[in-house]
Amino acid sequence: QVQLVESGGGLVQAGGSLRLSCVASGRTFSSYAMGWFRQAPGKEREIVATIMRSGSTSHVDSVKGRFTISRDNAKNTVYLQMNSLKPEDTAVYYCAASPTGWGRPENFDYWGQGTQVTVSS
């Protein structure tokens with residue numbers, strides 16, 4: 001069982017920045033693929049970014065150049081640095097873990113409780 005705890009959400013003006021953090025339990029964090037997802041009101045959950053155990057990353061087109069996913073295996077933590085935030089980034093952001101190491105959305109078996117990000121115009 002993997003437990004994930006997110007933090008760092010909040011209210012920010014358009015153009016501002018936030019950094020989300022997600023701390024994972026377990027001794028094999030370095031072998032997991034990790035991801036950030038988000039769900040806006042009335043919309044389906046979408047993948048935002050993933051980071052493999054190798055450190056390779058992928059970001060959805062809508063956040064490329066603005067968001068950066070990273071990980072610190074010594075701290076069992078994955079981050080999402082969000083810059084140049086837009087009102088359309090408003091959503092609940094979820095951290096997720098894929099213990100198999102695969103990075104497709106269906107591979108993420110463990111989820112955090114979510115953290116709200118609100119971007120005002």
Using the rule that two of Ile, Leu, Val, Met, Phe, Trp, Tyr join whenever any of their side-chain heavy atoms come within less than 4.5 Å, decide whether [X] and [Y] are in one cluster.
{"X": "V12", "Y": "Y93", "value": "yes"}
{"X": "Y79", "Y": "I47", "value": "no"}
{"X": "V23", "Y": "V2", "value": "no"}

Which heavy atom of A14 sits nearest to which heavy atom of S121, and what is that distance?
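Taking every non-hydrogen atom into account, CB-CA, 4.4 Å.
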Quick check: closest heavy atoms across T50 and G103, and the distance to 0.1 Å?
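Minimum heavy-atom contact is CG2-O, 4.0 Å.
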Taking the side chain as everything from C-beta on, heavy atoms only, tell me whether M82 gets closer than 4.5 Å to L20.
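M82 reaches L20 side chain to side chain.
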Do Y94 and L4 come within less than 4.5 Å of each other through their side chains, counting heavy atoms only?
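Not in contact.
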Test item: [X] side-chain N/O and [Y] main-chain N/O as donor-acceptor pair under 3.5 Å:
{"X": "T90", "Y": "V119", "result": "yes"}
{"X": "R71", "Y": "M52", "result": "yes"}
{"X": "D72", "Y": "T77", "result": "no"}
{"X": "S30", "Y": "N73", "result": "no"}
{"X": "E6", "Y": "Q113", "result": "yes"}

What about F37 and W111, are their ring centers closer than 6.0 Å?
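Judged by ring-centre distance (under 6.0 Å), F37 and W111 do meet the cut-off.
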Salt bridge (charged side-chain N to carboxylate O under 4.0 Å, His left out): pairs with one or both residues in residues 74-89, sequence neighbours excluded:
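Qualifying pairs: R38-D89, R66-D89.
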Would you compute the distance between atom CG of L18 and atom OG1 of T115 and round it to the nearest 0.5 angstrom?
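OG1 of T115 is found 9.0 Å from CG of L18.
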Can you tell me how far CE of M34 sits from CZ of F108, rounded to the nearest 0.5 angstrom?
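Going from CZ on F108 over to CE on M34, the span is 8.0 Å.
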Output every pair passing disulfide (SG to SG under 2.5 Å) with a member in [range], not counting sequence neighbours, ordered by first then second residue.
{"range": "residues 60-89", "answer": "none"}
{"range": "residues 32-121", "answer": "C22-C95"}
{"range": "residues 39-83", "answer": "none"}

Could you tell me which residues satisfy side chain to side chain contact (heavy atoms under 4.5 Å, CB included) with T57, sequence neighbours excluded, listed by chain and number?
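Only I51, H59, I69 meet the side chain to side chain contact (heavy atoms under 4.5 Å, CB included) criterion with T57.
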If you look only at pairs with a residue in residues 9-28, which of them pass as a side chain to side chain donor-acceptor pair (under 3.5 Å), with sequence neighbours excluded?
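Found S17-N83, T28-Y32.
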Start with the C-alpha distance between F67 and V60, add both sets of side-chain angles, then the distance that settles side-chain contact (heavy atoms from CB on, under 4.5 Å), and finish with yes or no.
CA-CA 9 Å; F67 291 11; V60 69; over 6 Å; no
